[in-house]
Amino acid sequence: MKKVILTALLAALCIVFSACGGPGAVSTPKDEKDLIVVGFSQVGAESDWRNANTLSMQTALSPENGYRLILDDAQQKQEKQITAIRNFINQGVDYIVLAPTTERSWDTVLGEAKAAGIPVIIVDRMIEIEDTGLFTCWIGSDFRREGDTAVTWMDSRFGNAPLRIVHLQGNIGSTAQIGRTDGLDAGLAAHDGWQLVFRSSGDFTQAKGQELVEALLEEGQGFDLIYSENDNMAYGAIDALKKAGLRPGEDVKIVSFDASSTALHMILNGEISFDVECNPLHGPRVRAIIEQLEKGETPPKFTYVEETSFEKEGLSEEIISARGY
Ligand code: GYE
């Protein structure tokens, strides 16, 4: 009984304190009607990168921070994203955040969002659109630079020595695929010792990465290096190599993108040789953009996030655990 009274007293005190915003005030979810409503059309859940990105958005745009986030997973299909955006417009959301699957064919639906007066913030990949007034701003990675970073490392490591390359591509038509592929193509053009022995899309998934490399090994194709446009395809490729009795990192070198924590551990154990970082933590960045817009300010139209790259030298458990993904 005593305990009940004490708890009630404490609760009452808490209410008084938080209502006055006094010391010890706890942050409580705001009234539902005061929340800023954000519709987020997400590509899917195809990779570690994507899951870290979704979590970052959910954490930053939480009710505690004053937001209601409506998340739509498009399962890597643009048609589903277009439907999701139309639903957001019908629901009258305050902002739309779009992580686009591919670059093209957004004109009509973004025109509809504009007509409804809803600002659209693009994250991660870019869109190719004639009227750039149809979106408010974009924030994401410089994917071509990522590809160039990988090629620079390959050049420093192998020079123009004969190198048989297997290229696992991401979703065809996505900026991440286009930039990373363009980087490799430039590398191939500049090194006549490098030979592209296989190129196909593994859709950024582990299962497809494994399938492609398994099929290749069954055909008896030899190769020295796998250029995998994301970590999850690299995990699948590594499984395929091991199943065939090959040693990833020794018999076949792996170059990958994203630098998620599993991949960085694979650098430490020698399976992945080089990984270019792609930063998925866009949640706080989007929140900062919305805050600017709410104050009537104009955020920069395009913002590239800073990124680095990793190899075994200089990498440690401490570095990996200090990262957010
Ligand atoms: O590299 C991949 C994900 O667009 C940056 O998409 C993103 C890419 C990322 O599925 O893992």
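Order of listing sets the numbers, starting from 1, for every ligand and every atom in it. Note that the numbering runs from 1 along the sequence shown for the chain.
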Handout entry: Nearest neighbour of atom 1 (O) of ligand 1 from the list Asn230, Thr101, Val123, Asp258, on a heavy-atom basis
Key = Asp258
Exercise for the section: Answer yes or no for Arg323 and Tyr325: cation-pi contact, defined as NZ/CZ to six-membered ring centre under 6.0 Å and angle to ring axis within 45°. Expected result: yes
Fill in the blank from the handout: For Ile70 and Phe88, the nearest pair of non-hydrogen atoms, with its separation, is O-CZ, 3.7 Å
Problem - Polar contact flag for Trp49 and ligand 1 (N/O pairs, less than 3.5 Å) - result: no
Exercise for the section: State, with a plain yes or no, whether a side-chain heavy atom of Lys301 is found less than 4.5 Å away from one of Phe135. Expected result: yes
Problem - Side chain, backbone, both or neither: Phe257 near ligand 1, heavy atoms under 4.0 Å - result: neither
Handout entry: Shortest protein heavy-atom distance from atom 8 (C) of ligand 1, along with the residue and atom involved
Key = Arg125 NH2, 3.7 Å
Practice task
Please list, chain by chain and in numerical order, all residues satisfying ring-ring contact (aromatic ring centres under 6.0 Å, His included) with Tyr227, sequence neighbours excluded.
Solution key: His167, Phe257
Problem - 4.0 Å heavy-atom contact, Arg180 with ligand 1 - result: yes
Exercise for the section: Number the atoms of ligand 1 from 1 as they appear, then name those within less than 4.0 Å of a heavy atom of Phe143, with their elements. Expected result: 5 (C)
Exercise for the section: Could you tell me whether ligand 1 has any atom less than 4.0 Å away from a heavy atom of Ser141? Expected result: no
Fill in the blank from the handout: of all protein heavy atoms, closest to atom 5 (C) of ligand 1 is Asp124 OD1, 3.2 Å
Exercise for the section: Decide if atom CD of Gln91 counts as having more than 12 heavy atoms of other residues, nucleotides or ligands within a radius under 6.0 Å. Expected result: yes
Problem - Numbered atoms of ligand 1 (with element) below 4.0 Å of Cys278, judged on heavy atoms - result: 5 (C)
Exercise for the section: Start with the C-alpha gap between Glu291 and Arg287, add the side-chain angles, then the distance that decides, and say whether salt bridge (charged side-chain N to carboxylate O under 4.0 Å, His left out) holds. Expected result: CA-CA 6 Å; Glu291 278 165 12; Arg287 187 179 157 198; 3.1 Å; yes
Problem - Subset of ligand 1 atoms that lie under 4.0 Å from at least one heavy atom of Ser47 - result: 2 (C), 3 (C), 10 (O), 11 (O)
Handout entry: Heavy-atom closest contact (Pro299 atom, Gln292 atom, distance)
Key = CB-OE1, 3.4 Å
Practice task
Indicate yes or no: does an N/O atom of Asn232 lie under 3.5 Å from an N/O atom of ligand 1?
Solution key: no
Fill in the blank from the handout: among protein heavy atoms, the one nearest atom 10 (O) of ligand 1 is Glu46 OE2, 2.4 Å
Problem - Enumerated ligand 1 atoms positioned under 4.0 Å from heavy atoms of Ala176 - result: 4 (O)
Problem - Trp138-Tyr304 aromatic ring centre distance below 6.0 Å - result: yes
Exercise for the section: Could you tell me whether Glu229 and ligand 1 have an N or O pair separated by under 3.5 Å? Expected result: no
Handout entry: Close side-chain approach of Ile85 and Ile96, heavy atoms under 4.5 Å
Key = yes
